[in-house]
Amino acid sequence: MSVKRAIQDIPAFRTRGITKIYGGRGTAEVRALDGVDLDLPEGELVVLLGPSGSGKSTLLNIIGGLDHATSGQAWFRDQDLTAMTDRQLTRYRRDNVGFVFQFYNLVASLTARENVALVTDVAPNPMRPEEALALVGLQNRQGHFPAQMSGGEQQRVAIARAIAKRPGVLLCDEPTGALDSKTGTAVLAALEDVNTRFGTTTLVITHNAGIRKMAHRVIRFQDGRVVEIEENETRIRAHEVTW
Amino acid sequence: MLHALDRKLLRDVWRLKAQALAISLVLACGVAIFLTGMGMVRALDATLEDYYNRQHFAHVFASARRAPISLLGDVEAIDGVQTAEARVVGSVVLDLPGRIAPAAGRVISLPDAGPTLNVPLLVSGQYPRKTAQNEVAVTERFAAANGFRPGDRFAAIADGKRLLLTITGTVRSPEFIYTLPPGGLMPDDAGYAIMWMPHTATAGVFGMSGAFNDLTVKLRRDANRQAVIDAIDRLLAPWGGVGAHKRDLQMSHAFMQAELDQLRNMSAVLPPILFGVTAFLVNMVLGRIVTLERSEIGLLKALGYRDSEIAMHYLMLATLVAALGVCLGWAAGAWLSSGMSHLYAKFFDFPWLVEPHAIDVYAIAGLIGLASAGIGALRAAWAAAALAPAVAMSPPAPPAFRRGVLDAVSGWLRLPQTAMMVLRGLLRWPLRAAFTSLGLSLGVAILVASNFMLDSLDAVIETAFFKSNRQHATLALAHERSLSAVSDARHLPGVLMVEPQFDLPVTMSVGPREKKLAISARPPGGDLARTLNVDEQPITLPEKGVLLSAKLAEHLGVQPGDQVHVTLSGLRKGEMILPVAAVTQQYIGIGAYMRLDTLAAHLGEAPRVTSLNLWIDTDVLPELQAALKTMPALATSVMLTDVRKSFQDTISENVRINTLLFLTISVLITIGVAYNGARIQLSERARELASLRILGFTRAEVSTILLGETALLAVMAQPLGWLIGAWIAWAMMAGFDSDLYRIPLVLTPQNFASASLVTLAAVTTAALFVRRRLDKADLIAVLKTRE
Ligand SMILES: Nc1ncnc2c1ncn2[C@@H]1O[C@H](COP(=O)(O)OP(=O)(O)OP(=O)(O)O)[C@@H](O)[C@H]1O
Ligand SMILES: [Mg+2]
């Protein structure tokens with residue numbers, strides 16, 4: 001077994017017994033995650049499905065370094081995320097993770113280009129903001145403020161911002177949740193493009209079951225547990241997704 | 001290339017420009033006042049020190065009736081004395097060409113070897129020749145005010161002798177940086193001359209050959225001041241010495257120190273208030289911004305920005321606002337300092353303009369300004385840094401409103417829903433409401449203090465001139481005379497009434513406490529110079545005992561019924577024990593008062609007179625003044641009407657400047673607090689208010705809810721402002737409490753009312769600006785954005 005192969009064998013994410021408990025002390029305890037074991041191979045497009053409140057966002061926050069688990073362990077490649085301090089997590093996010101959220105989360109007082117620059121300013125090996133915007137088809141909207149763009153356009157700016165740093169992983173929490181089918185398709189196409197072009201491991205949370213056919217792997221959540229993992233033999237393209 | 005985060009910073013500042021400016025102006029005001037106060041204190045201190053050193057300003061001053069010149073050697077032999085100089089000084093009346101009223105003058109002898117202490121600084125011409133009989137150097141100010149140049153002449157009446165004096169040169173002296181004419185309350189350049197005359201000539205004029213009556217002493221660094229003073233007192237006692245004193249009782253120096261104290265007080269009180277308000281405003285505004293940008297902060301963290309970078313981002317926002325304030329403050333302070341130093345040039349006679357601009361004072365003012373904004377920003381920056389990224393990403397929980405006492409009360413009062421919204425808003429952030437109210441009340445308090453100053457000085461004038469010293473003029477006699485002087489004076493043209501006064505220099509003591517002063521003895525039932533009781537009602541002089549002014553009684557620690565020990569100084573020898581009959585009210589100087597006949601009986605001699613108080617027919621004033629110019633036994637004459645006028649003029653000018661300053665400060669604070677408070681409420685309630693508009697509420701109704709809270713806080717601030725203002729007034733009164741001046745605590749309803757009117761008007765202006773924003777707000781946009 002070559003050294004190269006060995007490195008590729010390490011999954012992008014690996015979790016063992018990840019548990020997250022909210023509340024307690026007075027308020028009722030909520031077990032948002034209840035012992036999640038997962039291996040997400042490098043380079044895959046993974047879709048995370050599950051009813052509302054099943055813990056999808058919680059998991060994404062933990063492996064994205066935004067939150068701490070109550071117990072259990074999670075690794076990004078060979079780094080133990082659960083052992084990291086806040087400062088180390090910040091470093092980890094800065095260097096490896098791209099986020100896309102349901103509500104775009106653009107800074108209202110910055111233009112499209114500047115919102116992307118927000119990331120390229122601090123990332124170690126970024127693209128130029130123009131380049132990232134071109135990748136999502138927004139090369140002509142660089143000087144526009146979020147208020148001057150549609151929801152789909154804003155979401156594509158958010159994707160451009162997420163990929164501009166050439167992240168190791170792309171974590172998307174309901175990226176099409178607020179969009180109609182046409183703009184949603186454009187956003188999915190952008191994600192698909194990044195995944196195939198750069199081999200970026202991409203995790204997409206969605207309520208749209210149609211999207212699962214795009215994925216290499218589909219993970220189904222219920223009550224804070226993984227209930228089913230399915231690998232797709234054949235995948236459809238973004239524009240074939242039905243809503 | 002600007003980083004994207006820096007661009008956000010600049011756009012944020014621009015978006016907040018009105019609020020930022022309101023804060024900057026408050027800060028600028030603090031910086032400017034600190035700069036001016038500290039700058040002037042430092043500059044004056046340095047100028048004084050420099051001037052005193054160069055001209056050898058003395059440390060100890062003493063006077064005697066007539067001491068032999070041989071005594072000087074004994075003085076020089078006192079341990080601790082470095083240099084001693086004996087002089088002859090005397091008062092003269094001046095008859096100036098073109099001036100109807102007599103002017104006053106003070107002649108100071110120039111030692112033959114040239115002065116070694118208090119050396120006058122030659123401005124033009126030269127010193128008089130040693131042997132000259134009728135040559136003098138005069139103060140530059142006197143010369144300039146009268147248009148005199150070296151070579152000009154004027155007449156002086158000294159000891160009944162008329163002299164024609166020639167001006168050889170003009171000078172300045174460290175002894176006379178601030179000069180009050182006898183009996184005057186304000187400098188009078190044209191009407192009061194200090195003249196330096198060769199020793200021999202001076203001694204001749206005042207009959208002091210081989211003698212001196214004024215002693216100045218420079219001490220060695222290690223000298224025991226009190227020991228030297230005691231030794232000098234012992235040496236001079238046989239020769240009518242009236243007590244040596246340090247610089248603190250030298251008039252010019254005492255006034256300079258009083259001015260410095262006032263500057264120090266100003267820079268100790270006002271800037272901290274302004275810096276405090278700045279910190280509060282920055283805290284309030286930035287706190288709101290961090291709340292608003294919660295999700296953006298979460299995003300930045302998700303993107304990998306460090307906590308420190310995010311905290312820095314918000315600190316920088318405050319820093320930009322502070323930098324603007326500091327720059328404005330520097331500019332305003334530079335302008336204010338220059339104005340101040342020109343004002344000083346008008347009142348104080350310095351050889352060079354006091355240069356108030358010192359780089360380090362600017363630097364300190366700037367740093368304090370930045371620090372106060374920084375301190376205000378810390379909490380918000382800390383909150384931003386401490387936000388957990390996952391929490392920041394989710395929308396904040398809606399604020400928890402609780403049903404409580406308020407609901408019970410409102411149900412009972414049947415308050416409309418809009419009033420409930422206002423009240424709940426207040427209770428939701430009680431601390432912020434309290435601080436806002438406090439900020440607004442400081443605006444009121446500053447105006448109350450400023451009004452108090454006006455009212456108090458009015459009361460001083462009323463008491464000093466209209467209740468107690470009601471005479472038109474006071475004539476000081478060159479020598480003590482018998483009561484026949486009264487009938488002589490009555491024959492002067494236009495004189496309707498004459499009341500005699502006898503001033504006896506004494507040392508009053510009670511145990512270890514003592515005070516040097518003059519007892520003023522007058523006939524009972526006088527109608528011109530009157531004494532007032534503590535309620536400012538005239539009281540007749542008692543048959544027995546002495547009346548003491550409140551400040552003097554306090555200094556000696558006595559009350560009516562107690563006794564004071566009186567040691568005569570000057571040429572009379574002896575001691576008396578006098579009962580304190582009552583305490584009197586007086587705001588200018590200190591005093592002790594007795595019946596003329598009682599004092600004469602104590603002294604065992606017939607009543608004597610040293611000055612005469614006159615009530616005159618002002619229509620024939622010019623004739624009287626002409627007669628006074630040639631009256632032989634007159635030392636000086638003081639027109640109290642003129643004194644009052646110059647006092648009022650000067651005070652009204654100073655008060656105008658002060659009122660403007662305080663008004664500016666108060667309005668800036670009030671607008672800064674009210675505007676920012678209302679803007680934050682607007683931002684917090686935008687969604688709520690927009691929904692109301694969509695439900696059909698009118699603009700006016702919606703503004704009522706928004707501005708109701710500000711109005712309520714402003715109204716609540718008034719009584720607190722009055723209270724704080726009254727306290728500041730009290731502190732000012734306590735701070736002004738010196739032997740030179742005191743001021744009464746006068747707080748009128750008009751004062752409080754006008755302070756409230758001004759601040760409420762400022763609040764209304766601020767509220768109207770915010771209302772205009774509310775009217776222009778885009779309802780749809782507000783509803784679409786998520787908080
Ligand atoms: N800060 C919190 N405090 C308490 N409970 C929380 C908190 N955040 C999430 N939860 C709870 O944790 C559980 C999982 O939440 P999570 O946001 O991960 O669900 P989700 O699968 O992303 O749902 P959705 O599809 O609606 O976004 C839910 O029951 C939620 O109520
Ligand atoms: Mg979710």
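By convention in this document, chain letters (A, B, ...) are assigned in the order of the sequence lines, proteins followed by strands, and residues within each chain are numbered from 1.
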Nearest heavy-atom pair of B:A4 and A:D121: which atoms, and what distance?
N-OD2, 2.6 Å

For B:Y305 and A:T90, indicate whether the former's side chain and the latter's backbone hold a donor-acceptor pair under 3.5 Å.
no

Could you give the distance from CZ (B:R7) to CG (A:N115), rounded to the nearest 0.5 Å?
12.0 Å

Relative to chain B, which of A:T58, A:V116, A:L110 shows the most heavy atom pairs under 4.5 Å?
A:L110

If you draw a 6.0 Å radius around CE in A:M84, do more than 12 non-hydrogen atoms from other residues or ligands fall strictly inside?
yes

Rounded to the nearest 0.5 Å, how far apart are CG of B:D307 and CZ of A:R87?
8.0 Å

Atom NZ in B:K301, atom CG in A:D86: separation rounded to 0.5 Å?
8.0 Å

More than 12 heavy atoms of other residues, nucleotides or ligands under 6.0 Å from CZ of B:F769: yes or no?
no

Interface moiety of B:E293 toward chain A, non-hydrogen atoms closer than 4.5 Å
neither

Looking at B:F435, I want to see if its CZ is surrounded by more than 12 non-hydrogen atoms of other residues, nucleotides or ligands under 6.0 Å.
no

Value rounded to 0.5 Å, distance of CG in B:L299 from CZ in A:R161:
4.0 Å

Do you know the tightest heavy-atom contact between A:T111 and B:R11?
N-NH1, 4.2 Å

Do other residues, nucleotides or ligands put more than 12 heavy atoms under 6.0 Å from the CG atom of A:D223?
no

Need one label for B:R306: side chain, backbone, both or neither, based on atoms under 4.5 Å from any heavy atom in chain A.
both

Does atom CZ of A:R225 have more than 12 heavy-atom neighbours from other groups under 6.0 Å away?
no

